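Here is the structure we will look at, set down as structure tokens.
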Amino acid sequence: MNDLEKNLQSVCMRIKDAIKRSGREEKDVRLIAVTKTVESDVMNEAVRLGITDIGENRVQEVLRKYEDIPHNVNWHLIGHLQKNKVKYIVDKAEIIHSVDSLELAEEINKQALKIEKIQKILIQVNVSGEESKFGIKPEECLELCKNISKLSNVHIEGLMTMAPHFAPENEIRKIFSGLRQISLDIDKENMDNISMNELSMGMSNDFEIAIEEGATLIRVGTSIFGKRIYP
Ligand SMILES: *Cc1c(COP(=O)(O)O)cnc(C)c1O
């Protein structure tokens, strides 16, 4: 067994255990393999080993690798998205996880309308309050959702957040449960074009905590592909 195979097997075991511990069902948690800096041949090996969903944080990198990867694989855009790049990604992305402004949602709506697609999106919320992180403030989330719900060609599927890289477990847990609470509050409003079915949270450091706190989409890179080497 090569390293990729071993890593993937270990991650999948850890996911299963966390799901079992939290009394959830396996079908309710999807693994997104985060492939930034990972080349297409390795990505294809991961797909061969069962990966169905991949996550990238840069549009450029999606475009570079897109044609190399089988078309039944789902691409997730998980990083900050600039408005001028939207037109390159709406025909490719299963879910855009990083929507944090009405202007961005409007541009996605415009481009999705052109190709007659309903683009699934998540609202990125900065629950931790870390300054370096993208995402809207928790108290702004409901208002943003209300405004986006008027757009015909985007559909909000849920929320996304990132926990700080180095934080004690209880703090990380609080951030993830905080995101879940925000999604429950929004769900009560029963708005058009919005369902709060997805919580995208948890990375290599903290995906088990995220699963215990209700994550439906976990975004794991390093634990699968090893430490990233930036060119
Ligand atoms: C890189 C990245 C991940 C994966 O991080 P790992 O620590 O390598 O698992 C998850 N989410 C986002 C938004 C990322 O940019």
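It should be emphasised that the depicted structure is a prediction, and the values quoted were computed from it without experimental measurement. Atoms within a ligand are numbered from 1 in the order they appear, just like the ligands themselves. Throughout, numbering of the chain's residues begins at 1 and tracks the sequence.
Applying the 4.0 Å criterion to heavy atoms of V220 picks out, from ligand 1, the atoms 9 (O). Set against the non-hydrogen atoms of S204, the atoms of ligand 1 under 4.0 Å away are 6 (P), 7 (O), 8 (O), 9 (O). With ligand atoms numbered from 1 in the order given, ligand 1 contributes 1 (C), 2 (C), 3 (C), 14 (C), 15 (O) to contacts under 4.0 Å with heavy atoms of K36. Atom numbering of ligand 1 starts at 1 in the shown order; those under 4.0 Å from a heavy atom of R219 are 4 (C), 9 (O), 10 (C), 11 (N), 12 (C), 13 (C).
Checking each of E157, E94, E198 against K120 for a salt bridge (charged side-chain N to carboxylate O under 4.0 Å, His left out) leaves exactly one that passes, namely E94.
Not close to ligand 1: H97, with no non-hydrogen atom less than 4.0 angstrom away.
Hydrophobic clustering (ILVMFWY, side-chain heavy atoms < 4.5 Å, transitive): V154 and I96 are in one cluster.
For K36 and E61, the salt-bridge test fails: no basic side-chain N is under 4.0 Å from an acidic carboxylate O.
The aromatic rings of F134 and H80 sit parallel, their planes meeting at an angle under 30°, below the 60° perpendicular limit.
G55 and I78 make their closest contact through C-CD1, 4.3 Å (heavy atoms, listed as atom of the first residue, atom of the second, distance). Closest heavy-atom contact between P138 and V127: CG-CA, 4.1 Å. For S177 against E213, the heavy-atom pair with the smallest separation is CB-OE1, 3.4 Å.
If you check each of D206, I78, N57 against atom 12 (C) of ligand 1, the one with the closest non-hydrogen atom is I78. If you check each of M203, H80, K227 against atom 10 (C) of ligand 1, the one with the closest non-hydrogen atom is M203.
In terms of protein heavy-atom proximity, atom 8 (O) of ligand 1 is nearest to T222 OG1, 2.5 Å.
For ligand 1, the polar-atom distance check finds no N/O of V34 at less than 3.5 Å from any of the ligand's N/O atoms.
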